Amino acid sequence: MTTQEFATTSPDDLDPLPPGLGGWDSAEALVAQQDEQLAVALEWAARSPFYQARFDAGVTPRNRVDLAALPLTTKQDLRDNYPFGMLAVPMRRLATYHESSGSAGTPTASYYTAEDWVDVGDRYARKWVGITAADMLLVRTPYALMITGHMAQEGARGRGATVVPADNRSLLMPTSRVLRLLHDLPVTLTWSLPTATLMWARAAGLAGLRPDTDFPELRALFVGGEPLSSARQARISQLWGVPVVNDYGSTETGPLAGQCRHGTLHLWADRAIFEVYDPVSGRITAQGRGQLVVTPLYRQAMPLLRYNVADQVEISYEDCPCGWRLPSVRVLGRAGFGYRVGGRLVQQVDIEQAVFTLPARHEVMFWRARVVPTGLEVQIEVPDREREAARAALRTVLERDLGVPAQVDGCPPGTLVSDRVLTEIERTAKPRALFDNGEDWDEALQ
């Protein structure tokens with residue numbers, strides 16, 4: 001099967017399988033499909049300067065056994081081969097070029113052919129609620145060098161949907177403008193960080209609107225880019241009155257997993273081979289807890305073999321009621337992104353789960369925490385009338401569930417996420433050098 005032959009699905013066929021998914025009736029059939037495409041992916045990789053040098057004596061690996069003998073590909077490998085050391089096609093075949101944020105120094109480059117984009121868009125569009133030509137998708141993720149906004153547009157346009165490109169890196173798209181678009185346009189779907197949906201809910205309240213009643217066209221919120229606890233997902237769904245559908249992937253790989261209607265994240269194992277790496281023992285297994293390793297099977301421009309995404313995950317092959325016959329994954333956070341509190345490693349998602357198990361009446365949406373010598377210090381935004389009850393309840397949950405001492409402080413709404421950020425009006429970002437008498441010219445050329 002080539003990328004041009006990926007199956008398309010009508011709206012009537014969306015349940016129980018997402019669009020484009022299927023074609024096997026057993027785990028063995030899925031493995032056979034993987035192995036068939038793996039041989040092609042290995043041939044593509046042999047054209048990459050990086051893998052040409054890595055393959056022993058120039059001999060191209062041919063199968064899964066050969067793949068298992070290869071060392072992991074790391075983010076440092078991508079940085080060391082910036083910008084085109086991983087390129088496996090002629091430059092003229094590239095459709096787009098992307099980079100990570102570069103927060104760790106040298107960025108990781110990533111590039112795609114038009115055929116690669118067919119695969120990326122199809123994987124993004126695999127949502128159990130479906131994306132159809134009747135939908136309008138508001139994309140509130142970056143359209144810059146990262147892939148996230150582009151893959152949403154590709155996936156939605158591939159299903160015929162209308163896209164509203166509400167880039168979250170543009171000065172022209174403050175939260176107030178996003179809220180106006182959500183309210184005034186027939187937006188049915190959104191794509192954003194989970195935190196953004198909470199900011200919209202708070203902004204709606206400041207504007208005198210109710211998220212669950214004043215946006216009647218909205219039917220689902222697509223979210224990704226952050227670890228998402230089940231408690232926060234449930235709270236967002238309760239606030240907006242629609243399903244929240246989680247997505248997982250990276251700039252280097254595109255979408256890797258999507259959520260079924262039962263709330264389980266399933267790895268797209270028909271498009272990639274997944275493994276779990278234990279950095280302590282060095283063991284690599286098909287399931288369990290550790291760092292996610294992925295081999296995309298339909299990546300021509302930049303093949304990746306056993307790429308260590310460096311996210312902490314837990315993979316399981318237990319059956320799910322959805323019947324998708326795909327492995328499930330729990331995303332626990334970035335590798336190493338956790339802190340020792342006493343004798344326990346505490347990750348952000350652990351505290352988030354505790355925060356959002358608080359009753360909805362406390363109206364807690366935003367929080368922050370840090371490690372202190374005595375344990376954890378946590379701040380939550382909470383109205384005055386709920387402050388003492390919320391503080392006491394959260395301290396009890398943290399100490400019970402995490403087993404660490406916790407000091408919880410309440411602060412007024414607007415302290416952690418200011419009302420100004422949520423209500424400021426849109427401003428032009430075009431350069432201007434000529435001003436009238438009495439005008440403020442301090443913003444010239446900004």
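The first residue in the sequence is number 1, and the count goes up from there. All values reported here derive from a predicted model rather than from experimental measurement.
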Should R219 and D135 count as an ion pair when the cut-off is N to O under 4.0 Å?
-> yes
Would E154 and R159 pass as an ion pair if we require N to O under 4.0 Å?
-> no
Grab the two heavy atoms, one from A269 and one from P327, that are nearest each other, plus how far apart they are.
-> CB-CD, 3.8 Å
Least distance between heavy atoms, N168 atom then T141 atom = OD1-C, 3.5 Å
Between the side chain of T73 and the main-chain N/O of L304, is any donor-acceptor distance below 3.5 Å?
-> no
Does the T197 side chain pair with the main chain of P194, one donor and one acceptor, at a distance under 3.5 Å?
-> yes
Return yes if some donor-acceptor pair links the side-chain N/O of Q259 with the main-chain N/O of L265 below 3.5 Å, else return no.
-> no
Side chain to side chain donor-acceptor pair (under 3.5 Å) evaluation trace for Y97 with S110 = CA-CA 6 Å; Y97 172 91; S110 188; over 6 Å; no
Which residue, V408, L394, V397, forms the side-chain contact (heavy atoms from CB on, under 4.5 Å) with V355?
-> L394
Is it the case that more than 12 heavy atoms not belonging to R283 sit under 6.0 Å from its CZ atom?
-> no
Between R64 and T295: side-chain donor-acceptor atoms closer than 3.5 Å = no
Apply side chain to side chain contact (heavy atoms under 4.5 Å, CB included) to the pair F274 and V313, showing each step before the final yes or no.
-> CA-CA 11 Å; F274 298 95; V313 302; over 6 Å; no
Mutual orientation of the aromatic rings belonging to Y111 and F84 [parallel < 30°, tilted 30-60°, perpendicular > 60°] | tilted
Distance from H98 atom NE2 to T148 atom OG1, nearest 0.5 Å?
-> 11.0 Å
Would you please say whether a donor-acceptor pair under 3.5 Å links the side chains of T195 and R232?
-> yes
Taking the side chain as every heavy atom from C-beta outward, state whether Q33 and Q37 have any atom pair closer than 4.5 Å.
-> no
Contact summary for V245 and K127, nearest pair of heavy atoms = CG1-CD, 3.9 Å
Has the side chain of R177 got a donor or acceptor atom that lies under 3.5 Å from a matching backbone atom of L172?
-> yes
What distance do T74 atom OG1 and R306 atom CZ have between them, rounded to the nearest 0.5 Å?
-> 13.5 Å
Sidechain-backbone polar pair: Q52 side chain, A46 backbone, donor-acceptor under 3.5 Å = yes
Taking R140 for its side chain and W191 for its backbone only, find out whether a donor-acceptor pair lies under 3.5 Å.
-> no
Side chains of P255 and V120: does their closest heavy-atom pair fall under 4.5 Å?
-> yes
Hey, what's the ring geometry for H150 with Y143, parallel, tilted or perpendicular (30° and 60° as the breaks)?
-> perpendicular
Do V346 and Y339 touch side chain to side chain, with heavy atoms closer than 4.5 Å?
-> no
Compare all side-chain heavy atoms of D167 with those of P142 and state whether any distance is below 4.5 angstrom.
-> yes
If we ignore angles and hydrogens, is there a donor and acceptor under 3.5 Å between the side chains of Q312 and Q347?
-> no
Are M86 and Y51 side-chain neighbours, meaning at least one heavy-atom pair lies under 4.5 Å?
-> yes
OH (Y298) and CH2 (W268) are apart, to the nearest 0.5 Å, by 14.5 Å
Please name the residue in the list V417, V382, L239 that meets the side-chain contact (heavy atoms from CB on, under 4.5 Å) test with M365.
-> L239
Taking all non-hydrogen atoms of both residues, which atom of V187 and which atom of L138 are closest, and how far apart?
-> CG1-CB, 3.9 Å
Residues pairing under side chain to side chain donor-acceptor pair (under 3.5 Å) where one sits in residues 199-215, two or more places apart or in two chains, turn out to be R202-E381, R210-D212
Salt bridge (charged side-chain N to carboxylate O under 4.0 Å, His left out) between E363 and R235, worked out = CA-CA 10 Å; E363 300 180 22; R235 181 62 50 81; over 6 Å; no
Apply side chain to side chain contact (heavy atoms under 4.5 Å, CB included) to M136 and E217, showing your working.
-> CA-CA 9 Å; M136 179 177 286; E217 301 294 331; over 6 Å; no
Taking the six-membered ring of Y112, is NZ or CZ of R299 closer than 6.0 Å to its centre and within 45° of its axis?
-> yes
How far does CG of N81 sit from CE of M302, to the nearest 0.5 angstrom?
-> 9.0 Å
Give a yes or no answer on whether the side chain of D116 reaches the backbone of A301 with a donor-acceptor pair at less than 3.5 Å.
-> yes
Atom of A354, atom of L398 and distance for their closest heavy-atom approach | CB-CD2, 3.7 Å
Between the OG1 atom in T175 and the CD atom in E424, the distance rounded to the nearest 0.5 Å is 7.5 Å
Can you list every pair that meets ring-ring contact (aromatic ring centres under 6.0 Å, His included) and has a residue in residues 202-245, with sequence neighbours left out?
-> H183-F215, F215-W240
Min side-chain heavy-atom separation L189-L218 under 4.5 Å = no
Mind checking whether L38 and N63 have side chains closer than 4.5 Å, heavy atoms only?
-> no
Give the C-alpha distance, both sets of side-chain angles, the deciding distance and a yes or no for side chain to side chain contact (heavy atoms under 4.5 Å, CB included) between L30 and R325.
-> CA-CA 9 Å; L30 176 58; R325 299 193 183 93; over 6 Å; no
Show the numbers, then the answer: is there a side chain to side chain donor-acceptor pair (under 3.5 Å) between D409 and Q407?
-> CA-CA 7 Å; D409 296 317; Q407 172 189 331; 3.1 Å; yes
Hey, does the side chain of Q287 reach the backbone of S316 with a donor-acceptor pair shorter than 3.5 angstrom?
-> no
Could you go through the side chain to side chain contact (heavy atoms under 4.5 Å, CB included) check for L297 and I273 one step at a time?
-> CA-CA 7 Å; L297 296 175; I273 293 174; 4.2 Å; yes
R123 and D247 ion-paired at < 4.0 Å = no
Any side-chain donor paired with an acceptor under 3.5 Å for S328 and Y317?
-> no
Check: T190 side chain, L221 main-chain N or O, donor-acceptor pair, under 3.5 Å = no
Roughly how far, to the nearest 0.5 Å, is CD of Q233 from CD of Q353?
-> 10.5 Å
Whether S418 side chain and G414 backbone form a donor-acceptor pair below 3.5 Å | no
Can you name the nearest heavy-atom pair linking E252 to S100, along with the distance?
-> OE2-CB, 4.4 Å
In this structure, are over 12 heavy atoms from other groups packed under 6.0 Å from R400 atom CZ?
-> yes
So, do C260 and W324 sit near enough that their side-chain heavy atoms are less than 4.5 Å apart?
-> yes
